[in-house]
Amino acid sequence: MKKNIRKATSNDIEAAKRIFGEARAYMRRNGNSVQWVNGYPEKLIESDIDKSILYICEAEDGTALAVFALIVGEEDPCYSYIENGAWKNDLPYAVIHRAAVSEAARGTGAAKYIFNEVYKKYGNVRVDTHESNTPMRSFLTKLGYDECGIVYMEDNTPRVAYQKTASWILASASPRRRELMQRLGRPFVSETSNVEEIVPEGLPAEETAQYLSGIKAEDIFMKHKDENVTVIGSDTIVIENGRIYGKPHSKKEAFDMLKELSGKTHEVRTGVTILSGIGGKEPEKRISFTNTAEVEFYELSDDEINAYIETGEPMDKAGAYGIQGQGALLIKGIKGDYYTIMGFPISQINREVKNHNL
């Protein structure tokens with residue numbers, strides 16, 4: 001059965017009430033008589049819709065199969081204190097609350113679909129449920145959620161806390177790298193390395209990108225002590241006539257870079273380092289490589305350069321341009337992997353990951 005998840009609207013209020021009622025009855029039949037009382041969660045339906053956090057899982061024909069609340073990017077105050085255990089990490093997380101499946105949809109995989117889709121998208125998910133909710137606790141365990149301890153709701157009632165987190169970490173917050181990373185089909189989280197990017201004196205320009213990708217990946221890998229993780233670090237540099245062009249620090253520097261690259265062919269080198277194993281120790285697997293592409297610029301007038309700089313795009317890009325944006329208008333031709341120029345050679349990364357059984 002094909003399924004889809006969408007945000008709930010006011011037209012879904014009655015369906016949500018029905019599904020919550022059927023889920024409550026299912027709990028009672030399975031020995032849970034203490035969860036979802038005093039009008040909860042029905043009384044939150046309208047406010048959840050207003051906050052755009054209530055979602056419907058529906059069949060291809062539009063039939064509502066399940067309902068749940070999804071909160072992303074906010075610290076749940078009930079999760080700030082946990083006893084008899086600890087959360088798996090302190091990274092940003094998504095929370096699934098008030099998940100319920102209709103009686104007719106039991107056995108269709110609706111609940112599994114919801115939890116898997118949320119995990120795929122966010123890579124770090126927290127959930128809580130009542131100790132007496134045996135079916136839900138068994139369901140979470142089967143999906144790979146770890147029991148983390150006890151948390152307390154606003155009314156001070158205890159709940160068993162669960163968390164599932166990705167073992168893959170992208171050592172970058174770059175939106176374009178995140179987008180490409182998703183093509184590997186593995187849940188992941190992004191973390192930005194704070195390591196100081198100092199290049200050793202005498203290091204050849206051709207080796208710089210790979211070196212920088214390595215220190216970023218190592219920084220993140222060492223922070224995840226005793227966790228089984230795979231970290232991917234990436235760094236991109238532009239080289240023309242032996243000179244490295246990094247990210248410009250001012251509009252003037254961006255102008256000077258683009259003026260120097262005008263009418264010429266330069267190299268774009270993206271270095272990648274993949275570390276896998278128990279964090280905080282020597283990695284069990286270390287993969288490093290550099291992918292190189294060539295980019296030829298048109299002859300650029302000062303007006304063209306200034307107009308491009310005013311878009312703001314050059315300021316966080318190596319060589320002061322982005323091929324995936326307005327910078328495409330500057331380029332006469334390329335030789336090599338387009339995604340290397342974007343900063344993440346996803347095809348070679350995918351092959352290396354498969355070849356090393358990661």
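Salt bridge E14/R18: absent, no basic N to carboxylate O contact under 4.0 Å. Residues E42 and R24 are paired through a salt bridge, judged by an N-O separation under 4.0 Å between the basic side chain and the carboxylate. A salt bridge between E103 and R29 is present, with a side-chain N of the basic residue lying under 4.0 Å from a carboxylate O of the acidic one. Using a cutoff of 4.0 Å between basic side-chain nitrogens and carboxylate oxygens, K88 and D146 are scored as salt-bridged. Contact check on K335 versus E296 returns no salt bridge, with no Lys/Arg side-chain nitrogen under 4.0 Å from an Asp/Glu carboxylate oxygen. In this structure, E22 does not pair ionically with R106, as no charged nitrogen and carboxylate oxygen lie closer than 4.0 Å.
Of all non-hydrogen atoms in N38 and K43, the two that sit nearest each other are O-NZ, 3.5 Å. Of all heavy-atom pairs spanning I169 and E191, the tightest one is CD1-OE2, 3.7 Å. Between I232 and W168, the shortest heavy-atom distance links the atoms CD1-CZ3, 3.8 Å. Taking both residues in full, the closest heavy atoms of S172 and T192 are given as C-OG1, 4.5 Å, listed atom of the first, atom of the second, then distance. Scanning all heavy atoms of the two residues, the minimum distance from R269 to A209 falls at O-CB, 3.6 Å. Nearest heavy atoms, V101 versus A23: O-CB, 4.3 Å.
Distance alone, capped at 3.5 Å, places no donor-acceptor pair between the S132 side chain and the N32 backbone. For the pair E304 (side chain) and L300 (backbone), a donor-acceptor distance under 3.5 Å is absent. Put simply, the side chain of R159 never gets that close to the backbone of M153: no donor and acceptor are under 3.5 Å apart. A donor-acceptor pair is defined here as one N or O able to donate and one able to accept, closer than 3.5 Å; no such pair exists between the side chain of S262 and the backbone of L258. Looking only at distances, no side-chain donor or acceptor of Y122 sits under 3.5 Å from a matching main-chain atom of V189. At distances below 3.5 Å, not a single donor-acceptor pair connects side-chain atoms of S138 with backbone N or O atoms of P135. Using modelled atom types, one side-chain atom of N124 and one backbone atom of P92 make a donor-acceptor pair closer than 3.5 Å. A donor-acceptor distance shorter than 3.5 angstrom exists from the side chain of R176 to the backbone of M342, with no hydrogens or angles considered. Within the 3.5 Å criterion, the main-chain N or O of L143 finds a donor-acceptor partner in the side chain of K164.
The distance from the OG atom of S276 to the CD atom of E284 is 6.5 Å, given to the nearest 0.5 Å. The distance from atom NE2 of H130 to atom CE of M27, rounded to the nearest 0.5 Å, is 10.0 Å. For the atom pair I220 CD1 and N194 CG, the distance stands at 7.5 Å (nearest 0.5 Å). Within the model, atoms CD1 of I305 and NZ of K251 stand 14.5 Å from one another, a figure rounded to the nearest 0.5 Å. Here L275 contributes atom CG and T273 contributes atom OG1; the two are 6.5 Å apart, rounded to the nearest 0.5 Å. To the nearest 0.5 Å, atom CD of residue Q348 and atom CG of residue N291 are 4.5 Å apart.
In this structure, the side chains of K223 and D219 come closer than 4.5 Å at one or more pairs of heavy atoms. Side-chain contact check for M1 versus L65: some heavy-atom pair is nearer than 4.5 Å. Residues R126 and I82 are not in side-chain contact: their nearest non-hydrogen atoms beyond the backbone lie 4.5 Å or more apart. The shortest distance between side-chain heavy atoms of I13 and I49 falls below 4.5 Å. Between T340 and T292 the shortest side-chain heavy-atom distance does not fall below 4.5 Å. Between D12 and R6 there is a side-chain heavy-atom pair separated by less than 4.5 Å.
Side-chain contact, T290 with Q210: a donor N or O sits under 3.5 Å from an acceptor N or O. No donor-acceptor contact under 3.5 angstrom links the side chains of S213 and S234, judged on distance only.
For the ring-ring contact (aromatic ring centres under 6.0 Å, His included) with F68, the lone residue among F20, Y55, F115 that qualifies is Y55.
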Practice problem: Applying side chain to side chain contact (heavy atoms under 4.5 Å, CB included), run through F188 and Q182 and close with a yes or a no. | Solution: CA-CA 8 Å; F188 70 96; Q182 290 172 356; 3.6 Å; yes

Quiz item: Between I96 and L70, does a side chain to side chain contact (heavy atoms under 4.5 Å, CB included) hold up when you go through it step by step?
Solution: CA-CA 5 Å; I96 299 175; L70 175 64; 4.2 Å; yes

Self-check item: Stepwise side chain to side chain contact (heavy atoms under 4.5 Å, CB included) check, C78 with E154
Solution: CA-CA 7 Å; C78 296; E154 292 179 355; 4.0 Å; yes

Quiz prompt | side chain to side chain donor-acceptor pair (under 3.5 Å) between D48 and H97, intermediate numbers included | solution = CA-CA 11 Å; D48 281 354; H97 280 314; over 6 Å; no

Exercise. Test T157 against V34 for side chain to side chain contact (heavy atoms under 4.5 Å, CB included), laying out the working first.
Key: CA-CA 10 Å; T157 56; V34 293; over 6 Å; no

Quiz item: S301 and D303: side chain to side chain donor-acceptor pair (under 3.5 Å), yes or no, with the steps?
Solution: CA-CA 5 Å; S301 68; D303 287 344; 5.3 Å; no

Exercise. Run the numbers on Q163 and Y93 for side chain to side chain donor-acceptor pair (under 3.5 Å), then give the verdict.
Key: CA-CA 9 Å; Q163 184 175 10; Y93 56 87; over 6 Å; no

Quiz item: Checking side chain to side chain donor-acceptor pair (under 3.5 Å) for the pair E294/T265: CA distance, chi angles, key distance, verdict?
Solution: CA-CA 7 Å; E294 294 181 356; T265 297; 6.0 Å; no

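Note on ring orientation: taking the six-membered ring where Trp is involved, the planes of Y81 and Y152 are parallel (angle under 30°, cut-offs 30° and 60°).
Under a hydrophobic-cluster definition in which Ile, Leu, Val, Met, Phe, Trp and Tyr are linked whenever side-chain heavy atoms come within less than 4.5 Å, directly or via other members, V229 and L170 are assigned to different clusters. Using a 4.5 Å cut-off between side-chain heavy atoms of Ile, Leu, Val, Met, Phe, Trp and Tyr, with links allowed through other members, M136 and W36 fall into different hydrophobic clusters. The hydrophobic clustering, which links ILVMFWY residues whose side-chain heavy atoms are closer than 4.5 Å, places W87 and V127 apart. Follow the hydrophobic side-chain contacts under 4.5 Å out from V67 and you reach I45 in the same cluster. Clustering ILVMFWY residues whenever any of their side-chain heavy atoms sit less than 4.5 angstrom apart, transitively, puts L261 in a cluster other than the one holding L329.
Checked against a 6.0 Å centroid threshold, the rings of Y339 and F344 do not count as neighbours.
Pairs engaging residues 289-309 under the ring pair (Phe, Tyr, Trp, His ring centres under 6.0 Å) rule: H266-F297, F297-Y321 [sequence neighbours left out].
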